[in-house]
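Reading through the structure tokens given below for one structure.
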2 protein chains.
Amino acid sequence: MAHLMPSGSNHRLGNLDEKSKAIIVELQHDGRKSYSAIGKSVGLSEAAVRQRVSRLIESGVMEIVAVTDPLSLGFARQAMVGVKVRGDISKVADRLHGYDEIDYLVVTAGSFDLLVEIVCESDRHLIEFVNQELRSIDAVVDTELFMYLSLEKQKYNWGTR
Amino acid sequence: MAHLMPSGSNHRLGNLDEKSKAIIVELQHDGRKSYSAIGKSVGLSEAAVRQRVSRLIESGVMEIVAVTDPLSLGFARQAMVGVKVRGDISKVADRLHGYDEIDYLVVTAGSFDLLVEIVCESDRHLIEFVNQELRSIDAVVDTELFMYLSLEKQKYNWGTR
DNA sequence: AGTGAAACGACCGTAGA
DNA sequence: TCTACGGTCGTTTCACT
């Protein structure tokens, strides 16, 4: 995704006209909606819609994917961990990047240097992961765990309100 | 999404056979892949794949949607806010639910009662939102702000590793 | 960047095991 | 819950603007 693109790339709101935004909104509700149906509702031919969608995807503005629910798939425990780092934050971030248990990782300014979201099958797995993989890192000075009790809201349609 | 389903629902890993999991994995990479192409690679007819996908979506195991990049759309400022609440946490959560600026909202156990992710166009908008909409709530005792410096990892394919 | 048309392939409903 | 099949609709390619 574009989050990870070099910061020199400049795909901004200004590049997108009303039709592209309308296309995005339709696909945010149903990622498999046919191009011709979208074309009818936004006033473009099917080919034009397809071309725009390709460009939006290639430029990293959006992706069309299946988003799955961890609970339904047996991953019942989630937590956010605030991490305080000594030294190079990016180094720690890079090290954490590969873990399957981590599905969200942000460098922050504040009383934590990193926020790490963890998804696990069980409490046991979660605690083990935090102790053995996070807290055992030398550069990790401190961690604070926030167990998820209930996910109240989650949206993926940033930017188009 | 299924996160928001009544907690009595029990769609678990055990309900999904290898073929359904394989279908999910394909759609996690390309949400528009044709049912017949998926059928070829997992060993099912087009109709069977279609039926399974419908069931997976209807039961809340997944959804197929466009996921957009806030940066590309001009929403350059993100932050996580830890919120400490006095009294009924759900009441505060409900109140926050409708804000467009909030794209992620979790009730947590730990030194915060809520974690709130905020997406905004500018620092100014973000600060105003935190002060005027979050900190002004009576039941909100304390907040702590974590400004996002860089999003290192974000994945949506929970559960299928 | 866009349209339109023709060939092709995907999708949907239904029937049957 | 699967396969099979026919009608319909969507997608692809290409020539043109």
Side-chain angles (χ1 to χ4, degrees), chain A residues 2 5 9-69 71-74 157 159-160, chain B residues 2 5 9-69 71-74 157 159-160:
Chain A
M5 294 195 308
S9 55
N10 60 340
H11 304 283
R12 320 217 77 254
L13 197 58
N15 293 353
L16 298 178
D17 61 13
E18 290 307 317
K19 302 214 176 203
S20 285
K21 283 192 223 164
I23 292 170
I24 292 172
V25 171
E26 305 241 14
L27 290 172
Q28 281 170 339
H29 290 102
D30 176 6
R32 288 189 78 93
K33 186 159 186 178
S34 76
Y35 297 139
S36 48
I38 295 170
K40 274 169 204 156
S41 78
V42 307
L44 282 173
S45 70
E46 180 275 333
V49 173
R50 186 155 36 88
Q51 204 174 346
R52 281 170 181 254
V53 170
S54 301
R55 260 186 288 118
L56 289 169
I57 291 173
E58 278 158 27
S59 65
V61 173
M62 68 172 180
E63 53 186 355
I64 299 172
V65 291
V67 176
T68 51
D69 171 40
L71 271 174
S72 298
L73 295 168
N157 53 331
T160 51
Chain B
M5 293 195 309
S9 56
N10 60 340
H11 304 283
R12 321 217 77 253
L13 196 58
N15 293 352
L16 297 178
D17 62 13
E18 291 307 316
K19 302 214 176 206
S20 285
K21 284 192 223 164
I23 291 171
I24 292 172
V25 170
E26 305 241 13
L27 290 171
Q28 280 170 338
H29 290 103
D30 176 7
R32 288 189 78 95
K33 187 160 185 176
S34 76
Y35 297 140
S36 47
I38 296 169
K40 274 169 204 156
S41 78
V42 307
L44 283 172
S45 68
E46 178 273 334
V49 173
R50 189 161 27 100
Q51 207 173 346
R52 281 171 182 250
V53 170
S54 300
R55 260 185 291 117
L56 289 168
I57 291 172
E58 276 158 26
S59 66
V61 173
M62 69 173 180
E63 54 185 356
I64 299 172
V65 292
V67 175
T68 51
D69 171 41
L71 271 175
S72 298
L73 295 168
N157 53 333
T160 50

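Atoms considered below: every heavy atom in the structure, side chains included; atoms not considered: hydrogens, waters and symmetry mates. Letters go in sequence order (proteins before strands), and every chain restarts at 1.
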Query raised in the report: Can you tell me how far the CE atom of B:M62 sits from the CD1 atom of B:I23, to the nearest 0.5 Å?
Result: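 These two atoms lie 7.5 Å from each other.
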Query - Gap separating the CG atom of A:D30 from the CD1 atom of B:I64, nearest 0.5 angstrom - result: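 Here the rounded value is 8.0 Å.
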Requested in this report: Starting from the 5' end of DNA chain C, give me the residue, A:R32 or A:V49, whose nearest nucleotide shows up first.
Outcome: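 That would be A:V49.
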**Report entry** Contacts of type side chain to side chain contact (heavy atoms under 4.5 Å, CB included), residue A:A48, not counting sequence neighbours
**Finding:**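 With sequence neighbours excluded, A:A48 shows a side chain to side chain contact (heavy atoms under 4.5 Å, CB included) to A:L44, A:S45, given in chain and number order.
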Query raised in the report: Excluding sequence neighbours, so at least two apart, what forms side chain to side chain contact (heavy atoms under 4.5 Å, CB included) with A:R50?
Result: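 Only A:Y35, A:E46, A:A47 meet the side chain to side chain contact (heavy atoms under 4.5 Å, CB included) criterion with A:R50.
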Report summary line: Of all heavy-atom pairs linking B:D69 and A:G60, the shortest is CB-O, 3.6 Å
**Report entry** Exercise: identify the closest heavy-atom pair between A:R52 and A:S20
**Finding:** NH1-OG, 2.8 Å
Query raised in the report: What does A:R52 touch in the nucleic acid at a heavy-atom separation under 4.0 angstrom: a base, only the sugar-phosphate, or nothing?
Result: sugar-phosphate
Query raised in the report: DNA chain D: B:Q51 or A:K33, which has the more 5' nearest nucleotide?
Result: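 The residue mapped nearer the 5' terminus is B:Q51.
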Query - Residue pair A:V25 / A:Q28, side-chain heavy-atom distance below 4.5 Å - result: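 The answer is yes, as the side chains (C-beta and beyond) meet within the 4.5 Å cut-off.
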Query raised in the report: Can you list every salt bridge (charged side-chain N to carboxylate O under 4.0 Å, His left out) pair that touches residues 32-44 of chain A, not counting sequence neighbours?
Result: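 Residue pairs with at least one partner in residues 32-44 of chain A: A:E26-A:K33.
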Query raised in the report: side-chain contact (heavy atoms from CB on, under 4.5 Å) between A:L16 and A:L56: does it pass, once the steps are laid out?
Result: CA-CA 9 Å; A:L16 298 178; A:L56 289 169; 3.5 Å; yes
Requested in this report: Can you sort out which residues in residues 34-44 of chain A have a heavy atom within less than 4.0 Å of DNA chain C? Ascending by number, please.
Outcome: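 Going residue by residue through residues 34-44 of chain A, none turns out to have a heavy atom under 4.0 Å of DNA chain C.
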Requested in this report: Show your working on side-chain contact (heavy atoms from CB on, under 4.5 Å) between A:E63 and B:V67 and close with a plain yes or no.
Outcome: CA-CA 5 Å; A:E63 53 186 355; B:V67 175; 4.3 Å; yes
Report task. Show your working on salt bridge (charged side-chain N to carboxylate O under 4.0 Å, His left out) between B:E58 and B:R55 and close with a plain yes or no. Result -> CA-CA 5 Å; B:E58 276 158 26; B:R55 260 185 291 117; over 6 Å; no
**Report entry** Nucleotide pairing, DNA chain C (Watson-Crick or G-U, distances under 3.5 Å), in dot-bracket with [ ] and |
**Finding:** |.|||||||||||||||
**Report entry** Segment of DNA chain C, first to last nucleotide, that comes within the 4.0 Å heavy-atom reach of chain B
**Finding:** C:dA10 to C:dG13
Report task. Could you work out the separation of C:dG2 and D:dA15 based on their C1' atoms and round it to a whole Å? Result -> 13 Å
Query raised in the report: Where does the chain A footprint on DNA chain D start and end, counting 5' to 3' with a 4.0 Å heavy-atom cut-off?
Result: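 The contacted stretch runs from D:dG10 to D:dT13.
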